[in-house]
S.K.: 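Next up is a structure, given as structure tokens.
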Amino acid sequence: MKKIIVANWKMSPASIKEAKKIFNDTKKTANKLRKVETVICPPFVYLSELGHLVSKGTLSVRVGAQDVFWQENGSYTGEISVNMLKNLGAKYVILGHSERRQNLNETDEMVNKKIKTALKNDLKVVFCVGEKERDENYLRFIKNEIIEGLKNISRNLLDNLIIVYEPIWAIGKSGEEADTPENVFQMGIYIRRILLPLAGEKLSRNIPVLYGGSVDVKNCLGFLKEGNVQGLLVGRKSLNSKEFKEILKIAEYI
Ligand code: PGA
């Protein structure tokens, strides 16, 4: 299975010119890799142009969105539908990111509705879960996020699901403050155990589990190797194409 490296550009960069530069630069390396699927998730406003660049003979780069609305159509001012994303060439969508949960009050119920709509419409869902702090309840918290996020979603839709373990305390820090590969390894086992009754034996083994939170060129190998994850969600460092390309190459050659 290919490693999945997701670039979460968040609310950057400020212009389409810069977005194209980072994208084209990343694409040059990403297209040469055979064992890595690179997923660039820019702000909505750049999806159209970047989606277009993907369709021009791109092999291993995909574009994805950072959100989608749960209704497929109707009067919802400011929202973006799954069909809009698909028509622009997006194949992935990040859902449940902690910044949306915290800043926009996205609840488990909203995340669940979005996941359901996206999976029903054949988008691959990059579903983020993670605790605010590592207290005595954190494992229960993560279990609950997964169960609520996947509530009433039929098993046969879950083969387009990807789970990212992204502890909130590890986001936006220095690389040394990220989680440890040892803990991420344990978390992968734990997440698969939660998935077992929801997804069945085969899928619970096969759903990719990624790590996110201050991933950089120094710590990425540890997560991929000792952490045993099937990919990474990279925030700030994905906007630095030089460093991001190094991360992609490490993922290709481990
Ligand atoms: P970071 O962001 O890599 O800048 O910590 C990760 C994320 O929030 O997805």
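Counting starts at 1 for both ligands and their atoms, in listed order. Numbering of residues begins at 1 and proceeds along the displayed sequence.
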S.K.: Could a heavy atom of Gly172 be found less than 4.0 Å from some atom of ligand 1?
M.R.: yes
S.K.: When you check the side-chain N and O atoms of Glu166 and His97, is any donor under 3.5 Å from an acceptor?
M.R.: yes
S.K.: Could you list which atoms of ligand 1 come closer than 4.0 Å to a heavy atom of Leu233?
M.R.: 9 (O)
S.K.: What is the nearest protein non-hydrogen atom to atom 6 (C) of ligand 1, stated with its residue, atom name and distance?
M.R.: Glu166 OE2, 3.3 Å
S.K.: Give yes if a backbone or side-chain nitrogen or oxygen of Gly213 is under 3.5 Å from a nitrogen or oxygen of ligand 1, and no if not.
M.R.: no
S.K.: Which residue owns the protein heavy atom closest to atom 4 (O) of ligand 1, what's the atom, and how far is it?
M.R.: Arg236 NE, 2.6 Å
S.K.: Cation-pi check, Arg134 to Tyr138: give yes when NZ or CZ is under 6.0 Å from the six-membered ring centre and within 45° of the ring axis, no otherwise.
M.R.: yes
S.K.: Taking the minimum heavy-atom distance to atom 1 (P) of ligand 1, which of Gly235, Ala7, Ser174, Ser238 ranks first?
M.R.: Gly235
S.K.: Which residues end up grouped with Phe185 if you chain together Ile, Leu, Val, Met, Phe, Trp and Tyr wherever their side-chain heavy atoms are less than 4.5 Å apart?
M.R.: Ile189
S.K.: Counting heavy atoms not belonging to Met1, are there more than 12 under 6.0 Å from its CE?
M.R.: yes
S.K.: Is the contact between Lys237 and ligand 1 made by the side chain, the backbone, both, or neither, using heavy atoms and a 4.0 Å cut-off?
M.R.: neither
S.K.: Does either side chain, that of Trp9 or that of Gln66, offer a donor lying less than 3.5 Å from an acceptor on the other one?
M.R.: no
S.K.: Strictly by modelled atom types, are Asn156 and Ser154 linked by a side-chain donor-acceptor pair under 3.5 Å?
M.R.: yes
S.K.: Going by the atom numbers of ligand 1, which of them fall below 4.0 Å from some non-hydrogen atom of Ile171?
M.R.: 2 (O), 5 (O), 8 (O)
S.K.: Which heavy atom of the protein is the closest neighbour of atom 2 (O) of ligand 1, given with residue, atom name and distance?
M.R.: Lys10 NZ, 3.2 Å
S.K.: Taking only heavy atoms of His97 into account, list the atoms of ligand 1 that are under 4.0 Å away from them.
M.R.: 7 (C), 8 (O), 9 (O)
S.K.: Nearest 0.5 angstrom please: Ile153 CD1 to Phe127 CZ, how far?
M.R.: 8.0 Å
S.K.: Regarding Asn87 and Asn83, is there a side-chain donor-to-acceptor distance under 3.5 Å anywhere?
M.R.: no
S.K.: Within the 4.0 Å heavy-atom shell around Ser214, which atoms of ligand 1 are there?
M.R.: 1 (P), 3 (O), 5 (O)
